[in-house]
Amino acid sequence: MDPLRQDEFDSQACGSIAPKAKPCPRPKPGEAAGGCSFDGAQITLLPIMDAAHLVHGPIACAGNSWESRGALSSGPSLSQYGFATDLTDSDIIFGGEKKLKDSIDYIAGRFAPPAIFVYSTCVTALIGEDMDAVCKEAADRIGIPVIPVNSPGFVGSKNLGNRLAGDALLQYVIGTGEPEPETDLGVNLIGEYNIAGEMWDIEKLMNSAGIAVTSRITGDARYKEITWAHRARVNMVVCSRALLGLAKEMEARYGIPYFEGSFYGAKETTYSLRQMAYLMNDREMERRVDRLTEREEARLSQELRPYRKLLRGKRAVLYTGGVKSWSVISALKELGVQVVGVGTNKSTEDDVRRIADRVGDDTEYIPEGGASRMIKTVRERKADIMIAGGRNMYVAMKEQIPFIDINQERHKAYAGYEGLLRLAKELTYSLTNPIWKLAASPAPWDKEAPPYDR
Amino acid sequence: MSMDELNIKDNTSLFKEERYVQQRENKKPFEAPCSEQETAEALAYSKSAEYMEKNFSRQNVVINPHKACQPLGSVMAALGFEKTLPFVHGSQGCNAYFRSHLSRHFKEPTPSVSTSMTEDAAVFGGMNNLIDGLENSVALYKPEMVAICTTCMAEVIGDDLNSFIGNARIKGVISEEYPVAYCNTPSFVGSHITGYDAMIKGILSYLYTRSGTRGKPGSGAESGEKLNVMLGFEPYTGNFAELRKILGAFDTKYTILGDHSGNYDSPATGEYEYYYGGTKLADVPQAANALATLSLQKYTLKKTQEYISGTWNQQLAALSTPLGIKGTDTLLDTISELTGLPIPAILTEERGRVVDALMDSHPYLHGKRVALVGDPDLLIGLIGFCLETGMEPVHIVCSNGDVDYNEVKFKDEAEALLAASPYGSEATVHVGKDLWHMRSLLLNDQVDLAIGSSHLKFAAKDAEVPLVRVGFPIFDRHHMHRYPIIGYQGTLNLLSLIVNTILQQLDDHNSGFNFELVR
């Protein structure tokens, strides 16, 4: 499903091209849809923590979005800064290329980043800014990579933006550097953004099994480590269908095998670790992984016992984007929580297939967004809890439905064995909080009537 | 609960564990290519006057912006009217940002839809998207009015909203009578306050024109309507309640034009509705007959004010956000003048209580140097409040402050206000600057307290200055918007926030000798 360029198309042998898959779904006018391609591209690249991220466009795209995601950094914080060229009406008429050039120079001079990512926006794409040329000229002049990310909002969904960011990495970053000779080469984690520090939990597990992380693409990443991603021995596509194209292309170009995996739930975690060792073709490592996963799973099942009692048979509606739609189902299943409704409007065909593998027949698929649609499923399926993103959280509160935030603003890390414990704890807390009882009962002087006269 | 014993750490404590510390160490070799000493030198340099000068001569890049864009304001404005669906004409991401942004501040859902324009719309225009969008959203969300604003994209390709809406009617997607207000809100001009103004003016003029009535100022008084009130881009739902309290005390009839407090402070009843409260659509043409209009954000509501005093031919009083004792005095005087009603005794009494509270706290406030960030009208109010408490505004940054009202620029008014008090003698007012400029100011010339939105927390942390969160957006604290900051009660809230932050500082940074019980 990765976009084929014409030259690649021509160079491929007859019959070797896979049938064309369904493109990213187009948003429908008149709905409360999710983010745009610009948003998607930023989400993918912002976790490169030591790079500068400059938005070329009017103030909105940066002004409405800077530093509002939960991708944590263990060191540099340059990625937290909101850089924007802040185009005004005269720039729209006369062009903003000079402004962009000056902005790049200022950032390079003041912040000395290892690289600058420059994002196009609706406006700069429409007025035909030659961002590639400006970036190339600037890179040559100032001697650091200046990478154009051509993903204006209007080209489509957030998902497509993730992919376009992957394209930018392929075209400008991966393969441009080499690791130190003594570096222990291992796995690239693709599509793991270190929300709430999840990547660190994953890395801790991998370290315990003696598996090295070569490049983080891009959770808590440093620019330099991505430049040598092509030297990794295995690519793992973590919870992001959108960056699968990147892994496929790296397999074609560099012969790196890849697999898709997830770290949500013990089963998926164990599978992912095993798969890494297997693809690295290292028997000793496989044995280490087996020992580690057995130990961790045993410990986990012990620690989960009190939660399982409470969570067994509880019913959840899950509404989240991309791969979490299926991977979180596995985690919930292990806790005894049944998924009775699942959003699919941001899922690809493969995601939907994976969802189907994991849920029973009586699970409702929710193909469109919008608060009322989701609430309807919660009510009809008698769900106990809703698991979704921040924009839907307050609707759940209005409806007095227990809620867990699973998207980018969450503050809890749910990956790995410990992550599953944390998820169990959050589910339990959310379900058992006394506020639901209080909210559901009328005021004492109002026993007969509903709590509010409406 | 027994499960607490498991002690599952969250990310505030977890990553202090040895293993994670080691992970971070391992990463250092390919981190920023500079030593700790170089980092320290760079930090020291960023505190120097030399760097500040360089920073202030920066022309072409904005670092850490403190403004949002026009359509975000328009969405908030649209939610101030009964059963009105905000409708954003452009690519879908903008709308997702607005919904997140507003929801993160108010901790409430934001119903708003977009036309989801894509590449084909960029080439052929967004008319089909707008028509389909109107059809879908009216069917899905059943609003009684749709309020359309544009984004950059629609503006750059030059979409004509008026004709598109007309075509939607011709096509029968919406009926001839179905109300659709609109305004043009390119993000490359102005900021969220400009967009707020554009949408309020768009809705008022649209509903007035289509009603076919002609305003006779003062004639509304027959039915008791005396006053229209506009709060502007108002991030505090508590301010609406406070204003109602004040107007109620006067016992005047009034209409609030643009009241989004219903949408952003609705009760948890167990059933979510798309629309809560808001100004009734039928009240808008009526409002043209009122005696006068009172605007509480004169810089924000510039165009709406011109429209009201022009087309409605109505008496208009325009203030900035009424903060502090003097600010509230002016508000009460103005209401009294416009309505001819005396100032209620109950408010005079409240004033006395708040003055008393200010006196109680004054030893801790006097001479405290503060930095302020915000929208123009809020800043005028905050400066006034600081000066009357003996606090000294030192750095004032207003990203969207290059606006005027009646040919008085915000910067000039702010400077005149500061010049009139000895406590304002050190202040400098910076318009069109961002939070990276503010960081330079804070590092270069230390203050005791920073007052501004959550976005200021990064600069405040670097400069080790406590931050009192006031304004928009406040993402990282809960329920701040539920407390009023206007009126005497609001002044008391603001005072409590500020003085208790200062007292907390005293406790946190006590030298061991002054960890005292009584303050």
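Side-chain atoms are counted along with the backbone in the values below, which use heavy atoms only and exclude waters and symmetry mates. As the structure is a prediction and not an experimental result, all values here were calculated from the model. Throughout, protein chains are lettered first and strands after them, A, B, ... in sequence-line order, and every chain is numbered starting at 1.
- For B/D434 and B/S399, the side-chain atoms include no donor-acceptor pair closer than 3.5 Å.
- Looking at residues two or more places apart in sequence or on another chain, you find a ring-ring contact (aromatic ring centres under 6.0 Å, His included) between B/H437 and B/F56.
- In summary, of the residues considered (B/E271, B/E108, B/E273), a salt bridge (charged side-chain N to carboxylate O under 4.0 Å, His left out) with A/K398 occurs for B/E108 alone.
- Proximity to chain B (any heavy atom under 4.5 Å) is restricted, for A/I107, to the side chain, taken from C-beta onward.
- Smallest separation of non-hydrogen atoms from B/C152 and A/V123: CB-CG2, 3.0 Å.
- The contact between B/Y274 and chain A is made entirely by side chain atoms (from C-beta outward), counting heavy-atom distances below 4.5 Å.
- When heavy atoms are compared at a cutoff of 4.5 Å, B/S46 approaches chain A by way of both its backbone and its side chain.
- Counting heavy-atom pairs closer than 4.5 Å to chain B, the top residue among A/T85, A/L87, A/L126, A/V213 is A/L126.
- The candidate from A/S65, A/G161, A/S77 with the greatest count of non-hydrogen atom pairs under 4.5 Å with chain B is A/S65.
- Taking chain B as the reference chain and counting heavy-atom pairs below 4.5 Å, the highest number among A/Q80, A/E67, A/K99 is found for A/K99.
- For B/Y264 and B/T110, the side-chain atoms include at least one donor-acceptor pair closer than 3.5 Å.
- Looking at A/K101 and A/E97, no side-chain N of the basic residue comes within less than 4.0 Å of a carboxylate O on the acidic one, giving no salt bridge.
- Residue contact with chain A, scored on non-hydrogen atoms closer than 4.5 Å, is absent for B/A121.
- Checking side-chain atoms of B/D132 against main-chain N and O of B/N129 turns up no donor-acceptor pair under 3.5 Å.
- Ranking B/S454, B/S137, B/P109 against chain A, the residue ahead of the rest is B/P109, based on heavy-atom pairs under 4.5 Å.
- Of the two parts of B/L72, only the side chain, counted from C-beta on, holds a non-hydrogen atom closer than 4.5 Å to a non-hydrogen atom of chain A.
- Side-chain atoms of A/D220 and A/W200 include a donor-acceptor pair closer than 3.5 Å.
- Of the two parts of A/R379, only the side chain, counted from C-beta on, holds a non-hydrogen atom closer than 4.5 Å to a non-hydrogen atom of chain B.
- Of the two parts of A/S37, neither the backbone nor the side chain holds a non-hydrogen atom closer than 4.5 Å to a non-hydrogen atom of chain B.
- Of the two parts of A/I375, neither the backbone nor the side chain holds a non-hydrogen atom closer than 4.5 Å to a non-hydrogen atom of chain B.
- Judged by the 6.0 Å distance and 45° axis criteria, A/R110 is not positioned over the aromatic ring of B/Y45.
- In this structure, the portion of B/L435 lying under 4.5 Å from any heavy atom of chain A is its side chain and not its backbone.
- For chain B, the nearby parts of A/F83 are the backbone and the side chain; heavy atoms of each come within less than 4.5 Å.
- Of the atoms belonging to A/D201, heavy atoms from both backbone and side chain fall under 4.5 Å from chain B.
- Here B/F98 pairs with nothing under the ring-ring contact (aromatic ring centres under 6.0 Å, His included) rule; sequence neighbours left out.
- Contact of A/L54 with chain B is made through the side chain alone, with heavy-atom distances under 4.5 Å.
- Remark: the backbone N or O of B/S91 is not paired with any side-chain donor or acceptor of B/S116 at under 3.5 angstrom.
- In this structure, A/R222 does not pair ionically with A/D50, as no charged nitrogen and carboxylate oxygen lie closer than 4.0 Å.
- Residue A/C36 touches chain B through both its backbone and its side chain, counting heavy-atom pairs closer than 4.5 Å.
- Looking at B/N128, neither its backbone nor its side chain comes within 4.5 Å of chain A, counting heavy atoms on both sides.
- Contacts between A/N207 and chain B at a heavy-atom distance below 4.5 Å involve the side chain alone, from C-beta outward.
- For the pair B/H105 (side chain) and B/P473 (backbone), a donor-acceptor distance under 3.5 Å is absent.
- Note: B/S100 leads B/G190, B/A68, B/S100 in heavy-atom pairs under 4.5 Å with chain A.
- With a threshold of 4.5 angstrom between heavy atoms, B/H89 does not approach chain A through any atom at all.
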